[in-house]
Amino acid sequence: MNDATTPTAPAATNFIDDIIAEHKRTDRFGGRVHTRFPPEPNGYLHIGHAKSICLNFGTAAKYGGLCNLRFDDTNPTKEDVEYVDSIQEDVRWLGFSWDERMFFASDYFEQIYAYAVELIRKGSAFVCDLSADDIAAHRGTPTRPGTESPYRNRPVDENLDLFARMRAGEFPDGTRTLRAKIDMASPNMHLRDPIIYRIMHAHHHRTGDAWCIYPMYDFAHGLSDSLEGITHSICTLEFEVHRPLYDWFIEQLGVFHPQQIEFARLNLSYTVMSKRKLLELVRTGRVNGWDDPRMPTICGLRRRGFTPESIRAFADRIGVAKRDNVIDVGVLEHSVREDLNRRAARRMAVLRPLRIVIENFPADRVEEIDAVNNPEDASMGTRKIAFTRELLVERDDFMLEPVKKFHRLAPGAEVRLRYAYIIRCDEVVKDADGAVVELRCSYDPETGIGGAQADRRVKGTIHWVSATHGVNAEVRLYDRLFTVENPDVAPEGLDYTTHLNPHSLEALTDCRLEPSLASAKAGERYQFERLGYFCVDPDSAPGALVFNKTVGLKDTWQKTEKQ
RNA sequence: UGGGGCGUAGCCAAGCGGUACGGCAUCGGCCUUUGGCGCCGACACGCGGAGGUUCGAAUCCUCCCGCCCCAGCCA
């Protein structure tokens, strides 16, 4: 089969594509597709946001449209520039570009205020003097209608005056609100005269002290989309019941009407995804910051060694639909392995060293051996590795009393040293406590690459590092942050934190790497043969290397061992 | 007991009246100087349940069951 006839996989489609196809058929938007990713800058982005980012930017790209980045910054008490910076960095890192289309809901405050005034003029909004508690009490319950505010029928002029004075700062926080006049008996709670403006004497990260009233998200969000000419306002399922409210505003104001489409947010097994909980993990020191490699944040995944490509592949793989879902974290892990397998250079590293001495190998001899950098990609070439009399191997690759099917080192057993010789363990040296401290071995000189017995087969091949040439490093191992698939399910009176995995981080400080890694730079990714994928942590420095384990290689041995 | 959504394999997810795509996981086998990668094969007589319409139903109709969301001056 040649390239011309190679079938290309059909682009994955989802229910949103169906909706867009219908819009094209009926010419609803003149063929335009314009989306946006609308985060609130009140926290760091996580893998759930990545799904949304890929969906929004991806959908626009698929139809030759555009995707804006817009910050929904309507609550100055929770937002910060730290977050607007990190969000931009993360979206860019994921590989998406909004060009010059970066906006803020706060850019539209004046316009949104004008919309509110217009609603008042139409008799569709009123200033309410009820306290927060009273408003809640008047709201009713899902099964019982609410009751109207005594201020609901204030004359338009009085509303106009009061609203202007709210803006002018005449009233303290919480004393008045502007409410839409809809229907206190609506079965949809969001239509029971929702608050659209509140008084907040707070400094805004962009507008400073220009405002002391701020629009509610429900009022600002849909109108911001409308102002930007967004055709498809993609959001998560919980906003489905808000849609009638957004549509109501748009109809009242007679402005451009985007189509809101709701999809199911991502849930990942063995972690939590709510910003509130992630913030809590950071603030209580359960993890070391937003970019802790155990966090499901974009910056955490980045520091952990994930590639943008792997995260995008993950997003494609999990699909988009409306049913609640919990994606097995194994799908994410598979996505990185798949990417790193073809891209990461191979190296040898010993995490828990066990010294072995090749007794029939001269102490002053150093053999330079060629090792393939990536068997998946010949263009990555080869490198030299030093074979010496004293080597370090993984403690796990030796068993004093080998179990069945253990194909590695054991007393009297033979094993292949990767790229080098077959050796036999002749003697086990123990310390006073009986702990194994060293292995005395012998090698078969004919079995090296190019040797007469090079093809001789033994059951196992293990990795190694020269004890005299290797460089030291710290390697941080990570396990899932929580011990259960769904940490939110906790016993009565306890919360998700009871499921925190006490062993989610293990720092190994006595690791030895092949010398070619001595100059490894932060962010570089490697496969440590037989172990997994690792990347250089920002904490790393020349002479004090620090690696993070991104993910282990698939380990069928571990599986058979458990059986 | 109100309203809005959703039920297809262990986890995702196609399917849009013509006899259940695909991925992850799992289980076999081949290959292998990474117990990696790759390759081959297995994996829903079944689509939440029960009726009905039809030559034919996961797809259409009826009823029932289950799960999620909504009572912030958060987003």
Side-chain angles (χ1 to χ4, degrees), chain A residues 9-10 12-14 18 38-40 42 72 74-75 77-79 128 130-132 135-137 139-146 173-179 186-192 194-200 214 216-218 220-221 236-244 262 264 269 275-276 316-335 337-338 341-342 346 348 372 375-376 405-408 416-420 422 447 449 454-463 485 527-532 552-561:
Chain A
T13 61
N14 54 57
D18 297 342
E40 181 191 17
N42 69 342
D72 275 335
T74 54
N75 186 349
T77 64
K78 296 193 173 173
E79 296 150 9
C128 182
L130 252 24
S131 68
I135 287 179
R139 191 153 26 224
T141 70
T143 55
R144 231 198 333 255
D173 289 3
T175 52
R176 281 177 231 267
T177 56
L178 182 70
R179 297 226 258 161
S186 172
N188 181 341
M189 299 291 287
H190 299 280
L191 263 23
R192 320 247 263 226
I195 293 166
I196 59 181
Y197 262 91
R198 72 297 214 185
I199 301 171
M200 273 181 141
Y214 292 94
M216 295 288 290
Y217 169 87
D218 275 348
H221 179 78
T236 45
L237 249 29
E238 66 268 29
F239 293 105
E240 201 145 24
V241 286
H242 295 234
R243 179 161 24 106
E262 308 84 7
S269 61
K275 279 198 215 174
R276 200 209 94 223
D316 282 345
R317 188 167 263 132
I318 60 176
V320 180
K322 297 192 72 153
R323 59 186 96 92
D324 288 336
N325 61 84
V326 181
I327 306 292
D328 190 323
V329 69
V331 179
L332 217 209
E333 294 172 347
H334 173 264
S335 298
R337 284 196 195 97
E338 177 185 57
N341 174 54
R342 49 185 182 238
R346 266 89 261 229
M348 289 203 284
V372 174
E376 307 290 321
K405 293 188 187 168
F406 184 80
H407 302 319
R408 293 168 262 171
R416 162 79 65 179
L417 290 180
R418 180 73 162 150
Y419 295 121
I422 291 173
T447 55
I449 290 172
D455 294 334
R456 211 186 110 198
R457 305 266 281 268
V458 286
K459 282 287 183 59
T461 299
I462 65 173
H463 58 94
E485 277 194 43
Q527 181 196 101
F528 288 172
E529 294 215 31
R530 299 208 313 128
L531 296 175
L553 255 24
K554 247 174 48 184
D555 193 348
T556 51
W557 162 247
Q558 209 172 56
K559 258 184 273 180
T560 58
E561 193 183 24

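Labels below follow one simple rule: chain letters A, B, ... track the order of the sequence lines, proteins then strands, and each chain is numbered from 1.
Contacts of Asn341(A) with the nucleic acid, taken as non-hydrogen atoms under 4.0 Å apart, include base atoms. Base contact: Phe239(A) has a heavy atom under 4.0 Å from a base atom. Note on Ala454(A): a base of the nucleic acid sits closer than 4.0 angstrom, heavy atoms only. Among the heavy atoms of the strands lying under 4.0 Å from Lys559(A) are primed sugar atoms or P, OP1, OP2 only; no base atom is included. Note on Glu240(A): only backbone sugar-phosphate atoms sit closer than 4.0 angstrom, heavy atoms only; bases stay farther off. Within 4.0 Å (heavy atoms only), Ala132(A) reaches at least one base atom of the nucleic acid. As judged by a 4.0 angstrom heavy-atom cut-off over every strand, Pro375(A) is placed among the base-contacting residues. Thr560(A) comes within 4.0 angstrom of no nucleic acid atom, judged by non-hydrogen atoms across all strands.
For Arg457(A) and rU32(B), a side-chain-to-base donor-acceptor distance below 3.5 Å is absent, hydrogens and geometry of angles not being considered.
rG35(B) has His407(A) stacked on its base ring, the centres lying under 5.5 angstrom apart and the planes within 30 degrees of parallel.
Taking a pair to require two hydrogen-bonding distances under 3.5 Å in either a Watson-Crick or a G-U wobble arrangement, rG36(B) remains unpaired.
For Arg317(A) and rG23(B), the shortest distance from a side-chain N or O to OP1 or OP2 is not below 4.0 Å.
In rG10(B) the base sits anti relative to the sugar, since the glycosidic angle is further than 90° from 0.
One can place CD of Glu238(A) at 11 Å from C1' of rC70(B), the figure rounded to the nearest angstrom.
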